[in-house]
Amino acid sequence: MRKTRIGYKSFGRASLAYGLDLCLKRIAHIESIELVSVSAHNAKSCDVLLLSIYWWQHLYDYMEFLTDAGLNPKTRKPLIVIGGFQSFNFTPLGNLYHYACIGDGEEWLPKFIEAYLRDGDIESIDGVSWPGKKGATVWQNAAFSPMSMREPGQHITRIEIARGCRYRCKFCALTYLKQYREGDVEKVNNLISEADTKTVALFAPDRTSHSDYSKIQQHLEDVGKSDIASDVRLDTLKGSMKTPNHLRMGIEGVSYRLRRAVGKNYTNEDILEVFRDAVNKSENKRGIHFYLVLDLPGEQDCDYDELLYIFNTINDWPEAERLTLIPFPNVFLPNPLTPLQWGGVNIFTDFGKKYRKISRASKRWNFVLAENIRMWGPLQRLKSLVAVRGDERSTNIIYNIVHNKKLKSDLIGSSRRGAEILMKFCEKNGYMEKELCGELSVEESLPWDNIQTHVRKDVIMKSWKHYKRTMGMTWEASRQ
């Protein structure tokens, strides 16, 4: 008897396949199916395709994959099922898929496959969506248990110890989409002991928020293993937590007022205290990595003075020559279902130039400034907004960006010129610049209003209004 071929693929780097791998483990025991890793060459031979879309860039990859694989969604052969973190807004894909899993898929996928094999009622499954669906779909938060994995060729065991986040930073989708759940400390420690590598990477949106993190740290020492995970909250380091060897944190705003507004109440002196403590610990040899978000709503030129103050203060430390700072500046993206989803962006402002004015204020800092600048220019920002903020009008735009040779050629070269050309193309497809880039009205409906998370929309709206009051901003003022 022929088995049902279930093809699967995750777009992006290997580590982004983790979520889909967890889902596949839940159905691998079914005897009547065959799981097949697919590419454009064999996707058409499957009965069902499970495709994981994590970042906004993957909507463009998905569009290209459909063409390369010769797939026509109108035929429903194979049946195309999509999911992944980007499921907060699949509207820009129009009718180019058949079903979507909204949220965690570990509990959802077995129900879907069972319904498919038995010709059951797929549309009654919680968390399922489809093009044109009327009514709300609830974001799925599966019961959590810690899991471990090793990527091929790697000598590191990755162990997920928690999911979701206890904090509510106003720009971050994680906390508003995923409820906080953490693994039992005994199970986590067992996975550490069972790992066949000396090095592990404990991962979670904020692993230090785990209720028993100190016990996990102690167990790592007891079994002689090291945790190379690096992300940590600055306020945790100000507490009793031991400073890790690899330090990476989100500073976010370039000034205190911006940080306070988004939910990270870190003063300039807090940052300097933690940085100085880290440089004085001999085990910290890899420097301090930190993320900066530029163009937060209401940001002004004077905010950058505080970043310069931090650099100048560090420069005067006697121990500055032993410090390596590795900033990761990037620009703001208004993520759906967060308080800043209504915020506008200034895509034609050169934020790289603004940042470099600060980082290169001195011809030679006494500390090492090893910048990691991979900042999106105007074109990339506009493409991200078409994917993240878009509705059905974005389908044709994404298709043409991927397949229209003339448009692709026109977008090569200057990022600003490419953004101007793409904006005109967006206008031809019915968008006004304000819809994609400007501040959105809280009175207007949004393409993702049909997605219900564990945080109600009125709570998110209240948080946005609080942000604006904290910043003392109006949209017009923030653009000056």
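Checked for salt-bridge contact, Arg163 and Glu106 meet the test: a charged N lies under 4.0 Å from a carboxylate O. A salt bridge links Lys406 to Asp410: one of the charged nitrogens lies within less than 4.0 Å of a carboxylate oxygen. In this structure, Glu182 pairs ionically with Arg166, as a charged nitrogen and a carboxylate oxygen lie closer than 4.0 Å.
A donor and an acceptor atom, one from each side chain of Arg381 and Thr349, are nowhere located under 3.5 Å apart. Counted by atom type alone, Thr157 and Thr197 present one or more donor-acceptor pairs between their side chains at under 3.5 Å. For the residue pair Tyr355 and Asn330, no side-chain donor N or O sits within less than 3.5 Å of a side-chain acceptor on the partner.
Remark: Leu292 CG to Met375 CE distance equals 8.5 Å, nearest 0.5 Å. To the nearest 0.5 Å, the span separating CD1 on Ile102 from NZ on Lys133 amounts to 8.0 Å.
A distance-only check finds no donor-acceptor pair linking the side chain of Thr199 to the backbone of Ile156 [under 3.5 Å]. Glu392 places no side-chain N or O within donor-acceptor distance of the main-chain N or O of Gly94, the cut-off being under 3.5 Å. Using modelled atom types, one side-chain atom of Arg393 and one backbone atom of Gly430 make a donor-acceptor pair closer than 3.5 Å. Put simply, the side chain of Thr208 never gets that close to the backbone of Val232: no donor and acceptor are under 3.5 Å apart. Formation of a donor-acceptor pair under 3.5 Å by the Lys215 side chain with backbone atoms of Val185 is not found in this model.
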The test is side chain to side chain contact (heavy atoms under 4.5 Å, CB included); show your working for Leu411 and Leu422 and say whether it passes. CA-CA 7 Å; Leu411 298 183; Leu422 181 56; 4.1 Å; yes

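Within a 6.0 Å radius of CD in Glu123, other residues, nucleotides and ligands contribute more than 12 heavy atoms. Atom NZ of Lys44 has 12 or fewer heavy atoms from other residues, nucleotides or ligands within 6.0 Å.
Shortest non-hydrogen contact noted between Phe65 and Ala43 is CZ-CB, 3.7 Å.
Phe112 has its side chain out of reach of Cys23: every pair of non-hydrogen atoms, C-beta onward, lies at least 4.5 Å apart. Asn89 has its side chain out of reach of Val388: every pair of non-hydrogen atoms, C-beta onward, lies at least 4.5 Å apart. Between Met423 and Cys437, some side-chain heavy-atom pair lies under the 4.5 Å cut-off.
Centroid-to-centroid, the aromatic rings of Phe203 and Tyr18 come within less than 6.0 Å.
Here the options are Ile30, Thr4, Val81, Ile122, the test is side-chain contact (heavy atoms from CB on, under 4.5 Å), and the partner is Ile113; only Ile30 passes. Checked against Asp47 for a salt bridge (charged side-chain N to carboxylate O under 4.0 Å, His left out), the options Arg76, Arg5, Arg2 give a single hit: Arg2.
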